[in-house]
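Structure first, then comments.
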Amino acid sequence: MEIYCYPRSREEKGLTPFGNNQAAIDASSAIIAVIGDAEAYKNAQEIYAQNVELGYMDQSIAETYATNTYNSYSKLPQQVLSQFASYDAGLISMQILLLAKDRGYDTLVMGGFDKVDFAKRFELPENQFPIALIALGKAKTPAFNSSRLPLEKIVTFY
C-alpha cells in the first residue's frame, strides 16, 4: 500500500476536480491519498528482513515466511489481491485518523471521488489503485453529530 500526502499546493496538483469539488479538499492543510497495492506481497522479503535486523525473528523464520507469502499470494486472482489491499488500506486509514485525532487534528475521509481519473492523472501503475482521500487539518467549526445503526441490527451473536 502506498500513502501519498499532498500539502497546500494541491490546487496545482489538480486534486479538487477528483474530489467532486468537496470543500474539504481546498480547506484542509493536507490531503492524504490512500492507494491500494495488489502486489504488496512482493515486499514480504524486505519486511521480514527488517524484522530480522530489528531482532523480532531469526533468519530462518523470516525466509520461510517470505517464501510462503510469495508462493501463496502470487497464485491468487487479481480480485482477491485487490480485496486484501482494500482491507489493508482500511486498517491504515483508521490508524491515520486515530493518530491525527490524538495529535489534535481533524480528518475527513472521502471515498467518493473519481478514482479512474485520479489513477490516470497520477500515473499509478496497474497494480495500484486509489481507495480514499483523507483531509487533514483543524476544523473551523465543530463537526456535526451523526448516528449509526444500532449494534443489534448489524451484529449477530452466536
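Model, not experiment: these values are computed from the prediction.
Environment of CD in Q83: crowded, with over 12 heavy atoms of neighbouring residues, nucleotides or ligands closer than 6.0 Å. At most 12 non-hydrogen atoms from other residues, nucleotides or ligands lie less than 6.0 angstrom from CD of Q45.
Side chains of S29 and L136 form no contact here, defined as non-hydrogen atoms less than 4.5 Å apart. A 4.5 Å side-chain heavy-atom check between Q22 and L133 finds every atom pair outside the cut-off. Proximity of V52 to M57: side-chain heavy atoms (C-beta onward) are separated by under 4.5 Å at one or more points. Within the 4.5 Å cutoff, no side-chain heavy atoms of S28 are placed close to those of L108. Side-chain contact between L124 and I35 is present, with heavy atoms from C-beta onward closer than 4.5 Å. Contact annotation: the side chain of P130 never approaches that of V34 to less than 4.5 Å [non-hydrogen atoms, C-beta and beyond].
The distance from atom CD of E126 to atom CD of Q78, rounded to the nearest 0.5 Å, is 7.0 Å. Between atom CD1 of residue I134 and atom OG1 of residue T107 there is a gap of 7.0 Å, rounded to the nearest 0.5 Å. With rounding to the nearest 0.5 angstrom, the CD1 atom of I47 is 14.0 Å from the NZ atom of K42. We find the CG-CD1 distance between D26 and I31 to be 8.5 Å, quoted to the nearest 0.5 Å. Atom CD of E46 sits about 11.0 Å away from atom CG of N51, to the nearest 0.5 Å.
Both L98 and I32 belong to a common hydrophobic cluster when Ile, Leu, Val, Met, Phe, Trp and Tyr are linked at side-chain heavy-atom distances under 4.5 angstrom. One hydrophobic cluster, built from ILVMFWY side chains closer than 4.5 Å, cannot hold both L99 and Y105; they sit in different ones.
Using a 4.5 Å cut-off between side-chain heavy atoms of Ile, Leu, Val, Met, Phe, Trp and Tyr, I131 falls into a hydrophobic cluster with F129.
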Let me have the donor-acceptor pairs involving side chains of residues 139-152, under 3.5 Å, with sequence neighbours excluded, atom names and distances please.
from, atom 1, to, atom 2, distance (Å)
S146, OG, R148, NH1, 3.4

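A salt bridge links D106 with K101: the closest approach of a Lys/Arg side-chain nitrogen to an acidic carboxylate oxygen falls below 4.0 angstrom.
Exactly one of Y56, Y70, Y41, Y65 qualifies for a ring-ring contact (aromatic ring centres under 6.0 Å, His included) with Y48. That residue is Y65.
Side chain of D58 to main chain of I61: a donor-acceptor pair is present (N/O by atom type, distance under 3.5 Å, no hydrogens or angles). Checking side-chain atoms of K115 against main-chain N and O of G111 turns up a donor-acceptor pair under 3.5 Å.
In plain terms, the two heavy atoms of F118 and A33 that are nearest each other are CZ-CB, 3.7 Å.
For residues 78-102, the ring-ring contact (aromatic ring centres under 6.0 Å, His included) pairs, not counting sequence neighbours, are Y73-F84.
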